[in-house]
Amino acid sequence: MGETPEPDCAAYPVSERMAEGSEIAITRLRKKAQGGPMRTSVADILRETAAKHGLSVASLLDPCRQRAYAWPRQEAMYRVFTECPHISYPEAGRRLGGRDHTTVLHGVRAYAQRHGLDYADAVKMRQTAKAIPYFEVMMAAYAKSLEVARV
C-alpha cells in the first residue's frame, strides 16, 4: 500500500494552524446556537477522519502500524484530545481500539509535532473547550439577570 505523503507544514503558517484551534470553539458555539449538540462525539471524529483519509472506521481502530493507518489514527487521537475535553486519555484509548493511555499521549504529541503545533497549544485548546460550557452557563445567567433587572 502506498505511503501517505507528509504534509508540507512550511507552506502552512503557524498563525493559520493556530486559527484551526479557535475554529473548534467557534464551530461548537455555532452548533449550539443552531440548537444542535455542542460536543463532538468520538464516533463523529472517527467517521470524519476515516472519510478524510479514505479509510474505514474499523481500519482506524485496527492495530496495524503502517503509516497510512497510524497517521490518520493519530489525527483522530489529537482531535479527541482537543475536541472532547470530557474524555480522559485512558477513555480515549479504550474508544480508539483498546489502546493504552500512553499510546494516545504519543499520538497527540506526534500529530502536533508533525503539523508544527506545540503540545502546549493542544493543551490550551483542550482547556478552552472545557471552558465553553461554563462560559455558556455564565452567559445564560447574565442574560437572565438582565431580564430580571428590566422588570
Side-chain angles (χ1 to χ4, degrees), residues 1-140:
M1 180 165 265
E3 292 184 3
T4 305
E6 191 163 344
D8 182 13
C9 291
Y12 190 40
V14 173
S15 60
E16 289 180 27
R17 292 192 301 265
M18 289 302 296
E20 278 184 8
S22 59
E23 281 298 314
I24 293 168
I26 292 168
T27 300
R28 285 189 182 168
L29 291 172
R30 282 187 184 140
K31 279 184 182 179
K32 186 64 178 178
Q34 295 168 353
M38 202 155 137
R39 285 186 176 173
T40 303
S41 71
V42 175
D44 290 341
I45 290 172
L46 287 172
R47 276 193 299 274
E48 291 168 9
T49 305
K52 175 181 172 184
H53 294 280
L55 301 171
S56 67
V57 172
S59 64
L60 282 181
L61 302 176
D62 195 75
C64 181
R65 293 183 180 185
Q66 291 179 356
R67 185 181 296 171
Y69 299 100
W71 282 11
R73 186 180 308 121
Q74 289 174 347
E75 178 181 338
M77 291 175 184
Y78 183 86
R79 288 191 58 200
V80 167
F81 178 74
T82 56
E83 297 178 35
C84 302
H86 57 286
I87 295 177
S88 65
Y89 279 123
E91 180 62 24
R94 284 189 287 275
R95 294 187 186 194
L96 291 165
R99 290 175 166 72
D100 187 71
H101 73 281
T102 57
T103 302
V104 178
L105 177 62
H106 169 76
V108 170
R109 288 181 172 167
Y111 179 83
Q113 180 181 15
R114 207 169 35 251
H115 291 275
L117 300 169
D118 186 13
Y119 175 72
D121 294 335
V123 172
K124 287 176 190 172
M125 290 185 341
R126 183 176 175 90
Q127 290 169 342
T128 301
K130 276 185 177 181
I132 289 173
Y134 300 113
F135 174 75
E136 194 176 54
V137 168
M138 288 174 20
M139 291 304 293

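Numbers for residues simply follow the sequence, beginning at 1.
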Smallest separation among heavy atoms of L55 and A68, with atom names: CD1-O, 3.6 Å
Output the distance between atom CD1 (I87) and atom CZ (R126), rounded to the nearest 0.5 Å. 8.5 Å
So, using side-chain contact (heavy atoms from CB on, under 4.5 Å) as the criterion, who are the partners of R79 when residues are at least two apart? I45, E48, T49, E75, E83
Strictly by salt bridge (charged side-chain N to carboxylate O under 4.0 Å, His left out), give each pair with a member in residues 95-109 just once, sequence neighbours left out. E91-R95
Could you report the tightest heavy-atom contact between T82 and A122, atom names first, then the distance? CG2-O, 3.8 Å
Quick one: list whatever passes side-chain contact (heavy atoms from CB on, under 4.5 Å) with A43, sequence neighbours left out. S41, R47
Starting at OH of Y89, measure out to CE of M77 and round the result to the nearest 0.5 Å. 11.0 Å
Which residues pass the side-chain contact (heavy atoms from CB on, under 4.5 Å) test with D118, sequence neighbours left out? A120, D121
First locate atom OH of Y119, then atom OH of Y78, and finally report the distance between them rounded to the nearest 0.5 Å. 10.5 Å
Pairs under 3.5 angstrom only: tabulate donor-acceptor contacts from the side chains of residues 58-65 to other protein residues two or more places apart or in another chain.
residue: S59; atom: OG; partner: S56; partner atom: N; Å: 3.2
residue: S59; atom: OG; partner: S56; partner atom: O; Å: 2.7
residue: S59; atom: OG; partner: S56; partner atom: OG; Å: 3.4
residue: D62; atom: OD2; partner: C64; partner atom: N; Å: 3.1

Decide side-chain contact (heavy atoms from CB on, under 4.5 Å) for L105 and H101; before the verdict, give the C-alpha distance in whole Å, the side-chain angles of both, and the deciding distance to 0.1 Å. CA-CA 6 Å; L105 177 62; H101 73 281; 5.9 Å; no
Could you measure the distance from the CD atom of Q74 to the CG atom of L96? Nearest 0.5 Å is fine. 11.5 Å
